[in-house]
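Indexing begins at 1, ligand by ligand and atom by atom, following the structure's order. Note that the numbering runs from 1 along the sequence shown for the chain.
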Amino acid sequence: MLKATPPNPNPHTPDSQGRFGSFGGRFVSETLMPLLIDLEHAWQQAKDDPSFWQAFDAYARDYIGRPSPLYHAAALESHLRTHKAFKGILYFKREDLNHTGAHKINNCLGQVLLAKRMGKTRIIAETGAGQHGVATATVCARFSLPCTIYMGATDIQRQAPNVQRMACLNANIHAVDAGTATLKDALNEALRDWVQHVDDTFYIIGSVAGPHPYPMLVRDLQAIIGKETAQQLQDKGHAHPHYLIACVGGGSNAIGLFHPFLADTRVRMVGVEAAGRNTTDGNHAAALTLGAPGVLHGSYSYLLQNEDGQIQPVHSVAAGLDYPGVGPEHAFLKDTARVDYQCVNDQQALAALRLTAQKEGIISALETAHALAYVIDNAETFEKDAVIVINLSGRGDKDMQTLAEYP
Ligand SMILES: Cc1ncc(COP(=O)(O)O)c(C=O)c1O
């Protein structure tokens, strides 16, 4: 069936089936289809309604604290100049300074406003690192909506601080023991809940994954990161960035930074996946670098699967990267070579987190540390005066327990 329909020729806007090139789509049961179509229509209307964006912008400013700063990481830059022959100019886009400590809140704010507009009275979400769960619980508290967060039992253990935050925000946390008890299993359970509560429930997906329209909806909301970056670079006297670097789990912080720049061929982009313990099966989460196309959670994209199409177990020290798939727009950007996808292992990420903390006084999330590690470990390859923006997707308070386990 996938081969029979020609790929979407204008892939930066998904076609009527939600495809970026050949990737994406809506591979779901008949029960879910009307919900997704409703959501797509609601988003099309909201997106064209200035009052939606007025409300979004007001909360983004006063509640989230946007715009997030574009910070010149002069201390790390100077360290890399001295020790690694680095010649570039290094900026951090400080999504860690958002309310709740990561980029995830941008998307949750937009989706909760959409849920209100659609008259939905109950919210569900999945979470891995707990950042999306916390962000969802936060907007639900603010907008007086009950919420249930699905989280794998393994993640509940390694991200305890975020579990406590969700509980404090009055979220109902549903532990998922199925499979590897991580993000993919939480997403399965959330989809199951949605099918059973079609009338009143809105599902806030936390990344650019899942069936159409989620990859487009989440991207449209996260694109605020790239739009602000473009303006902030101009204000600092840079016509454009030379490199944009972001970690990739499902891919939302990366696409949020990249998307407004995709048409500008002067801008090179690197998405950094988790190479985990090593690159053998079951030990990493590098779906784009080491996977093959297939269908997961209603979308056709790169996946980690075995020869029979069974989803492989995945591992990353960063819970938010521990996902066997990736958003379909990234699959398209990989195949068209518009974005370069690389991977970084656990040890590299841990070392980058520590170096950045020691030089800049910024403790990043372990997810983010993959992007930092790519730049630190390839510092000598950047041209003189290249303007490099790393998306500082989140802060690392949640990761202190994991850090202690890897002295
Ligand atoms: C701080 C942080 N960065 C990155 C990610 C990865 O998600 P995505 O690839 O959707 O940005 C997560 C996921 O939980 C996260 O918490």
Whether Phe92 and Tyr71 hold their rings parallel, tilted or perpendicular, with breakpoints at 30° and 60°:
tilted
One finds that the ligand 1 atoms under 4.0 Å from a non-hydrogen atom of Gly251 are 8 (P), 9 (O), 10 (O)
For ligand 1, is there an N or O atom under 3.5 Å from any N or O atom of Gly250?
yes
Any N/O of Lys398 closer than 3.5 Å to an N/O of ligand 1?
no
Indicate, as side chain, backbone, both or neither, the part of Ser252 found under 4.0 angstrom from ligand 1 when only non-hydrogen atoms are considered.
both
Check ligand 1 against Gln131 and write out every atom of the ligand that is under 4.0 Å from a heavy-atom position of the residue.
16 (O)
Just so I know, are the side chains of Met33 and Pro211 near enough to count as touching, which here means a heavy-atom distance under 4.5 Å?
no
Closest heavy-atom pair, Phe23 versus Phe332, reported as atoms and distance to 0.1 Å, is CD1-N, 3.6 Å
Using the benzene-type ring in the case of Trp, are the ring centres of His297 and Tyr323 under 6.0 Å apart?
yes
Any heavy atom of Arg395 closer to ligand 1 than 4.0 angstrom?
no
Numbered atoms of ligand 1 (with element) below 4.0 Å of Ser393, judged on heavy atoms:
1 (C), 2 (C), 3 (N), 4 (C)
Specify the protein heavy atom at minimum distance from atom 6 (C) of ligand 1: its residue, its atom name, and the distance to 0.1 Å.
Gly320 O, 3.5 Å
Provide the number and element of each atom of ligand 1 under 4.0 Å from a heavy atom of Ser207.
8 (P), 10 (O)
Taking all atoms of both residues into account, what is the closest heavy-atom pair of Glu40 and Ser16, and its distance?
OE2-O, 4.4 Å
Gly249 neighbourhood, listing ligand 1 atoms whose heavy-atom distance to it stays under 4.0 Å:
9 (O)
Would you mind checking if Glu329 and Arg338 are paired as a salt bridge, meaning a charged N to carboxylate O distance below 4.0 Å?
no
Can you label the angle between the Tyr150 ring and the His174 ring as parallel, tilted or perpendicular, going by 30° and 60°?
tilted
Gln312 side-chain N/O to Asp281 backbone N/O, donor-acceptor pair under 3.5 Å
no
Atoms in ligand 1 flagged as close to Gly394, the criterion being non-hydrogen separation under 4.0 Å
1 (C)
For ligand 1, which atoms, with element, lie under 4.0 Å from some heavy atom of Ala365?
1 (C)
I'd like the name of whichever of His330, Glu367, Lys104 reaches closest to atom 7 (O) of ligand 1 through any heavy atom.
Lys104
Is Cys247 near ligand 1, meaning one of its heavy atoms is under 4.0 Å from it?
yes
Should we say atom CD of Gln401 is surrounded by more than 12 heavy atoms from elsewhere, each under 6.0 Å from it?
yes
